[in-house]
K.L.:
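Here you go, one structure.
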Amino acid sequence: MRIDVVTIFPEYLEPLKVSLVGKARAAGRLDVQVHDLRDWAHDRHNTVDDTPYGGGPGMVMMTGPWGEALDDTLAAGYEAGAGGPALVVPTPSGRPFTQVLAAELSAHPWLIFAPARYEGIDSRVTAEYRTRMPVHEVSIGDYVLAGGEAAVLVITEAVARLLPGVLGNAQSHRDDSFAPGAMANLLEGPVFTKPPQWRGRGIPDVLLSGHHGKIARWRRDEALRRTVANRPDLVQRCDPAVFDRRDREM
Ligand SMILES: Nc1ccc2ncsc2c1
């Protein structure tokens, strides 16, 4: 997969050089290119925003720099042999980002991220590029951020870990709270590792029993307990088998 990010804060994307995404880049499974939008703002002040038509607070990112930046980014990607681009626009008014959407995005061979600052990007930009490629407007949640760069980090990590060969232990993403399967829509329960005693706190006996059926049911029960407490909205989406009282692995 190729990822391009066009942003006025390229340094915000430095974390894409470390950890899982950094390793995927080093292994050649992911090619990430970050571009400074101001390189396509040609006035003396490298202006990328202006006041909104119709009035109102804040500033809107202008068509000019974005159009030139996206055209050049597309040309460079095609030149490098990439194909099948999709534009990803992180925005609070976008479709909620979920594991399902992460899987959808991971199916594209090339993602171009256009994180906005200020009040957003002139809507003609997405209208223009919708004629050439899929455009995904994506929200990572209902809170106020200064821009979309943090969302690029979140979306990129969630997508990269779904790419073939990126996760060392294939089991890991099958066990995720939000991955398909019998434990889907259940939050992860408590986890423990050595030492067996820490500040007078031990390990639940069942986890030391070696009884896989009992361990599996305990984990289901604890996951259900946490899901009811923190995400009651997910409970109705759980596989009915999680409520099965028998000691059995699922
Ligand atoms: N403020 C805010 C909230 C969610 C979100 N998702 C992508 S950019 C963004 C910005």
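Hydrogens, waters and symmetry mates play no part in the numbers below; they use all other heavy atoms, side chains included.
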K.L.:
Less than 4.5 Å apart, any side-chain heavy atom of Glu157 and any of Leu16?
P.N.:
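They are not in side-chain contact.
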K.L.:
State, to 0.1 Å, how close Leu153 and Leu13 come at their nearest heavy-atom pair, and which atoms those are.
P.N.:
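Closest heavy-atom pair between Leu153 and Leu13: CD2-CD1, 3.7 Å.
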K.L.:
If you count the non-hydrogen atoms of other residues, nucleotides and ligands that lie under 6.0 Å from CG in Asp205, is the total more than 12?
P.N.:
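Counting other residues, nucleotides and ligands, CG of Asp205 stays at 12 neighbours or fewer.
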K.L.:
Between Thr156 and Val5, does a side chain to side chain contact (heavy atoms under 4.5 Å, CB included) hold up when you go through it step by step?
P.N.:
CA-CA 10 Å; Thr156 298; Val5 186; 5.6 Å; no
K.L.:
Nearest 0.5 Å please: distance from the CE atom of Met1 over to the CZ atom of Arg25.
P.N.:
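Nearest 0.5 Å value for the CE-CZ distance: 13.5 Å.
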K.L.:
Determine, using the 4.5 Å side-chain heavy-atom cutoff (strictly less than), whether Val135 and Val100 are members of one ILVMFWY cluster.
P.N.:
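No, no single cluster joins them.
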K.L.:
Between Ile215 and Leu187, is there a shared hydrophobic cluster once you connect ILVMFWY residues whose side-chain heavy atoms come closer than 4.5 Å?
P.N.:
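Looking at the clustering, Leu187 is in a separate group from Ile215.
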K.L.:
With the threshold set at 4.0 Å, does a side-chain nitrogen-carboxylate oxygen contact exist between Arg217 and Glu222?
P.N.:
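Not counted as a salt bridge, because no side-chain N and carboxylate O are separated by less than 4.0 Å.
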K.L.:
To the nearest 0.5 Å, what is the distance between OG1 (Thr63) and CD1 (Ile121)?
P.N.:
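It comes to 11.0 Å.
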K.L.:
Quick check: is Val18 connected to Val159 through a chain of hydrophobic side chains (ILVMFWY, heavy atoms under 4.5 Å apart)?
P.N.:
no
K.L.:
Treating Ser139 as the side-chain partner and Ser93 as the backbone partner, does any N or O pair qualify as donor plus acceptor under 3.5 Å?
P.N.:
no
K.L.:
What's the spacing between Leu224 CG and Met183 CE if we round to 0.5 Å?
P.N.:
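It comes to 8.5 Å.
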K.L.:
Indicate yes or no for a side-chain donor-acceptor contact from Thr7 to the backbone of Phe9 under 3.5 Å, with no hydrogens or angles considered.
P.N.:
yes
K.L.:
Which atoms form the tightest heavy-atom contact between Pro96 and Leu101, and what is the distance?
P.N.:
O-CD2, 3.7 Å
K.L.:
Quick check on the hydrophobic clustering: are Met62 and Leu87 connected, directly or via other members, by side-chain heavy-atom contacts under 4.5 Å?
P.N.:
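No, no single cluster joins them.
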K.L.:
Quick check: do Val60 and Thr51 have side-chain heavy atoms less than 4.5 Å from each other?
P.N.:
no
K.L.:
Rounded to the nearest 0.5 Å, what separation is found between the NE2 atom of His108 and the CE atom of Met133?
P.N.:
11.0 Å
K.L.:
Please give me the minimum heavy-atom distance between Pro90 and Val88, naming the atom from each residue.
P.N.:
CD-O, 3.3 Å
K.L.:
Using modelled atom types and a 3.5 Å cut-off, is there a donor and acceptor pairing between side-chain atoms of Asn185 and backbone atoms of Arg237?
P.N.:
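Present.
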K.L.:
Looking at every non-hydrogen atom in both residues, tell me the closest pair between Gly58 and Pro52 and how far apart they are.
P.N.:
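For Gly58 and Pro52, the tightest heavy-atom pair comes out as O-CD, 3.2 Å.
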K.L.:
Evaluate the side chain to side chain donor-acceptor pair (under 3.5 Å) criterion for residues Asn46 and Arg38: first the C-alpha distance (whole Å), next the side-chain angles of each, then the deciding distance (0.1 Å), finally the verdict.
P.N.:
CA-CA 6 Å; Asn46 298 117; Arg38 293 192 191 279; over 6 Å; no
K.L.:
Roughly how far, to the nearest 0.5 Å, is the CG atom of Asp4 from the CG atom of Leu111?
P.N.:
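Going from the CG atom of Leu111 to the CG atom of Asp4 covers 9.5 Å.
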K.L.:
Go through Glu149 and Arg117 one step at a time and tell me if the salt bridge (Lys or Arg N to Asp or Glu O under 4.0 Å) criterion holds.
P.N.:
CA-CA 9 Å; Glu149 282 76 9; Arg117 290 265 147 178; 2.9 Å; yes
K.L.:
Write down the atom of Ala80, the atom of Arg2, and the distance for their closest heavy-atom approach.
P.N.:
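That closest heavy-atom pairing would be CB-NH1, 3.5 Å.
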K.L.:
Crowded around Asp142 CG? As in, over 12 foreign heavy atoms under 6.0 Å?
P.N.:
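Not more than 12 within 6.0 Å, no.
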K.L.:
Which is it for Asp122 and Tyr53 under the side chain to side chain donor-acceptor pair (under 3.5 Å) test, yes or no, and what are the steps along the way?
P.N.:
CA-CA 10 Å; Asp122 185 307; Tyr53 276 119; over 6 Å; no
K.L.:
Let's go through Phe97 and Leu105 carefully: what are the C-alpha distance in whole Å and the side-chain angles of both, what is the deciding distance for side chain to side chain contact (heavy atoms under 4.5 Å, CB included) to 0.1 Å, and is it a yes or a no?
P.N.:
CA-CA 10 Å; Phe97 186 58; Leu105 295 179; 4.1 Å; yes
K.L.:
Between Ala160 and Leu30, what is the shortest heavy-atom contact and its length?
P.N.:
CB-CD2, 4.0 Å
K.L.:
Taking the side chain as C-beta and beyond, is there a heavy-atom pair between Tyr118 and Val48 under 4.5 Å?
P.N.:
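Contact flag for Tyr118/Val48 side chains = yes.
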K.L.:
Using the rule given for side chain to side chain donor-acceptor pair (under 3.5 Å), can you reason through Glu68 versus His42, listing the C-alpha separation, both sets of side-chain angles and the distance that settles it, and then say yes or no?
P.N.:
CA-CA 11 Å; Glu68 289 188 32; His42 307 305; 2.7 Å; yes
K.L.:
Would you say that more than 12 heavy atoms from the other residues, nucleotides or ligands in this model lie under 6.0 Å from the CZ of Arg219, or not?
P.N.:
no
K.L.:
Is there a path of hydrophobic side-chain contacts, each under 4.5 Å between heavy atoms of I/L/V/M/F/W/Y residues, joining Leu186 to Val191?
P.N.:
no
K.L.:
Can you list the steps and then say if Asp72 with Trp40 is a side chain to side chain donor-acceptor pair (under 3.5 Å)?
P.N.:
CA-CA 9 Å; Asp72 284 357; Trp40 288 277; 2.6 Å; yes
K.L.:
Looking at Glu11, I'd like to know if its CD atom is crowded, meaning that more than 12 non-hydrogen atoms belonging to other residues, nucleotides or ligands lie closer than 6.0 Å.
P.N.:
yes
K.L.:
Go through the steps to decide whether His35 and Gln33 satisfy the test side chain to side chain contact (heavy atoms under 4.5 Å, CB included), and finish with yes or no.
P.N.:
CA-CA 7 Å; His35 314 277; Gln33 303 296 325; 3.6 Å; yes
K.L.:
Does Arg226 reach the main-chain N or O of Glu188 with its side chain, forming a donor-acceptor pair under 3.5 Å?
P.N.:
yes
K.L.:
What about the rings of Trp198 and Phe192, do their centers lie closer together than 6.0 Å?
P.N.:
no
K.L.:
How long is the span from the OH atom in Tyr129 to the CD1 atom in Ile112, to the nearest 0.5 Å?
P.N.:
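With rounding to 0.5 Å, OH (Tyr129) is 9.0 Å from CD1 (Ile112).
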K.L.:
Any chance you could lay out the side chain to side chain contact (heavy atoms under 4.5 Å, CB included) test for Phe113 and Ile155, step after step, and finish with the verdict?
P.N.:
CA-CA 10 Å; Phe113 282 95; Ile155 296 166; 3.7 Å; yes
